Amino acid sequence: MMKRLLYLLLLVACSAFGAMARDYEQVNDISYSAKADAYSREQLKLDVYHPVDGEDCPVVIWFHGGGLEFGSKQIPEQLKEQDMVVVGAEYRMLPRVEVGDILDDAAEAVAWTFKNAAKYGGSTRNIVVSGHSAGGYIAMMLCLDKSWLARYGVDADSVMLYAPFSGQAITHYNVRKMQGLPPLQPTIDRWAPLYWVRGNCPPLLLTCGDRELELYGRYDENQYLERMMKLTGHKHTWLYEIGGHGHNDMIAPSFLILKNKMQELLAK
């Protein structure tokens with residue numbers, strides 16, 4: 001009985017991401033945009049981390065945080081050596097551009113990934129769009145407002161999973177700042193993911209820190225988004241509150257939730 005139990009545990013361990021011993025490499029500063037102005041040429045680049053000789057691997061596109069005003073592209077350490085392709089994409093920033101320009105950049109990066117994932121061993125059937133904070137807001141907007149990806153010939157519903165970490169569901173606070181509003185003056189306009197709730201989108205995985213520790217009531221926004229998605233008939237919206245963790249330290253446990261959900265979806 002003990003030998004059988006150990007055998008089953010071994011099978012489970014081998015099915016997890018990163019179980020296969022293999023080599024990885026990272027290709028940096030790939031230009032992904034057709035935009036020709038100097039700021040775009042400087043900024044619109046991405047990094048690709050992938051298994052050497054990988055084939056048909058899941059792909060995670062990661063958008064960094066920073067309030068849409070600062071930050072830089074990154075390949076999260078928690079996604080390395082996990083038998084997946086990881087794309088860390090940069091975008092232009094407020095106030096040098098407007099929020100619509102940022103969303104257009106992000107959509108172009110996703111479209112680039114659909115066109116080029118196979119070159120790095122990635123599967124276009126198993127693409128995940130994720131990010132933290134501002135990056136989570138971007139992921140939400142690309143998921144719910146299909147017009148951004150449609151500009152580049154990509155159906156937003158062809159993404160396997162959208163997984164924003166602590167994304168803003170109302171209009172982003174720095175977008176509101178540019179509208180002359182303070183951070184605690186909530187609005188829901190066309191720049192709010194909540195404005196675009198729909199029941200026919202891919203699975204949506206929402207993770208947030210502790211409701212008492214999160215930034216600007218971020219958990220409560222996500223809870224309302226979850227409720228509205230379910231009311232529209234969406235059956236695959238999941239919300240996780242990570243107790244005892246604030247806006248930044250919720251990131252590490254969120255990766256565990258993301259990887260578990262990816263395994264669940266890939267198994268289907």
Side-chain angles (χ1 to χ4, degrees), residues 5-22 24 49-51 54 56-65 74-88 110 113 117 121-133 135-140 142-143 157-167 169 201-211 213-214 218-219 222-223 225-226 229-230 234-268:
L5 178 60
L6 291 173
Y7 177 70
L8 290 174
L9 290 174
L10 180 62
L11 286 178
V12 171
C14 288
S15 68
F17 286 122
M20 182 183 298
R22 66 196 320 169
Y24 293 81
Y49 176 92
H50 67 99
D56 213 31
C57 298
V59 181
V60 176
I61 305 169
W62 179 259
F63 293 107
H64 66 82
Q74 57 187 226
I75 303 293
E77 289 295 323
Q78 295 90 339
L79 296 180
K80 292 183 176 180
E81 299 186 9
Q82 298 293 306
D83 294 336
M84 65 176 72
V85 177
V86 187
V87 177
V110 173
T113 303
S123 168
T124 56
R125 299 185 310 278
N126 300 314
I127 288 180
V128 176
V129 178
S130 187
H132 173 248
S133 196
Y137 164 79
I138 289 170
M140 286 180 178
L142 295 184
C143 172
D157 295 349
S158 61
V159 170
M160 180 180 77
L161 172 69
Y162 292 88
F165 294 11
S166 194
C201 71
L204 178 61
L205 175 64
L206 308 171
T207 57
C208 281
D210 192 303
R211 68 189 71 190
L213 301 174
E214 261 288 7
R218 193 65 54 87
Y219 171 80
N222 278 257
Q223 187 177 45
L225 176 61
E226 177 201 29
M229 290 295 290
K230 290 182 176 178
H234 194 256
K235 300 183 184 301
H236 300 292
T237 298
W238 305 283
L239 171 61
Y240 292 85
E241 178 183 13
I242 303 172
H245 292 66
H247 184 64
N248 290 316
D249 56 359
M250 59 77 68
I251 299 174
S254 292
F255 279 117
L256 295 176
I257 296 171
L258 170 60
K259 287 184 280 189
N260 286 337
K261 185 59 67 175
M262 287 177 64
Q263 287 182 334
E264 177 186 320
L265 294 174
L266 289 167
K268 295 179 180 180

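The structure displayed is predicted, hence computed values, not measured ones.
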Tell me the closest heavy-atom pair linking V59 and A117, and the distance in Å. CG2-CB, 4.2 Å
Quiz question: by atom type and distance under 3.5 Å, do the side chains of S166 and H132 form a donor-acceptor pair? no
The reported gap from CE in M262 to CD1 in I257 (rounded to nearest 0.5 angstrom) is 14.0 Å
Which atom of P203 lies closest to which atom of L161, heavy atoms considered: O-CD1, 3.5 Å
Sequence neighbours excluded, the answer for salt bridge (Lys or Arg N to Asp or Glu O under 4.0 Å) partners of E214 is none
Suppose we screen for ring-ring contact (aromatic ring centres under 6.0 Å, His included). Which residues come up paired with Y240, at least two apart in sequence or across chains? none
Report the distance from atom OG of S123 to atom CG of L266, rounding to the nearest 0.5 Å. 8.5 Å
About how many Å separate CG of L204 and OG1 of T237, when rounded to the nearest 0.5 Å? 4.5 Å
Closest heavy-atom pair, D83 versus C57, reported as atoms and distance to 0.1 Å, is O-CB, 3.7 Å
Tested for side-chain contact (heavy atoms from CB on, under 4.5 Å) against Y24, the lone hit among E81, H50, Q82 is E81
With sequence neighbours left out, the residues meeting side-chain hydrogen bond (donor to acceptor under 3.5 Å, both in side chains) with S254 are T207
Looking only at heavy atoms, the pair that brings I251 and N248 closest together is CG1-O, 3.1 Å
Establish, yes or no, whether a centroid distance under 6.0 Å links the rings of Y137 and F63. no
D157 and C201: side chain to side chain contact (heavy atoms under 4.5 Å, CB included), yes or no, with the steps? CA-CA 6 Å; D157 295 349; C201 71; 4.2 Å; yes
Heavy atoms, side chains only, cut-off 4.5 Å: are L225 and M140 in contact? yes
At what distance, to the nearest 0.5 angstrom, does CE of M160 lie from CG of N126? 5.0 Å
Plane angle bin for H236 and W238 - parallel if under 30°, tilted between 30 and 60°, otherwise perpendicular: tilted
Salt bridge (Lys or Arg N to Asp or Glu O under 4.0 Å) with D56: which residues, sequence neighbours excluded? R125
Do you know which two heavy atoms are closest between G244 and L213, and how far apart they sit? C-CD1, 3.7 Å
Walk me through whether C208 and E241 qualify under side chain to side chain contact (heavy atoms under 4.5 Å, CB included). CA-CA 5 Å; C208 281; E241 178 183 13; 5.6 Å; no
Partners passing side-chain hydrogen bond (donor to acceptor under 3.5 Å, both in side chains) against Q78 (at least two apart in sequence or in another chain): none
What I'd like to find out is whether the side chain of Y219 reaches to under 4.5 Å of the side chain of L239, using heavy atoms alone. yes
To the nearest 0.5 Å, how far apart are CG in N260 and CD in Q263? 6.0 Å
I'd like to know whether V159 forms a side chain to side chain contact (heavy atoms under 4.5 Å, CB included) with V128, so could you lay out the CA-CA distance, the side-chain angles of the two residues, the decisive distance to 0.1 Å, and finally the verdict. CA-CA 6 Å; V159 170; V128 176; 5.8 Å; no
Across all chains, not counting sequence neighbours, the side-chain contact (heavy atoms from CB on, under 4.5 Å) partners of V86 are Y49, I75, P76, L79, M84
Once you round to the nearest 0.5 Å, how far does NE2 of H234 lie from CE of M229? 4.5 Å
Begin with the C-alpha distance, continue with both residues' side-chain angles, and end with the deciding distance and a verdict on side chain to side chain contact (heavy atoms under 4.5 Å, CB included) for E77 and K80. CA-CA 5 Å; E77 289 295 323; K80 292 183 176 180; 2.9 Å; yes
Exercise: identify the closest heavy-atom pair between A139 and Y162: O-CD2, 3.5 Å
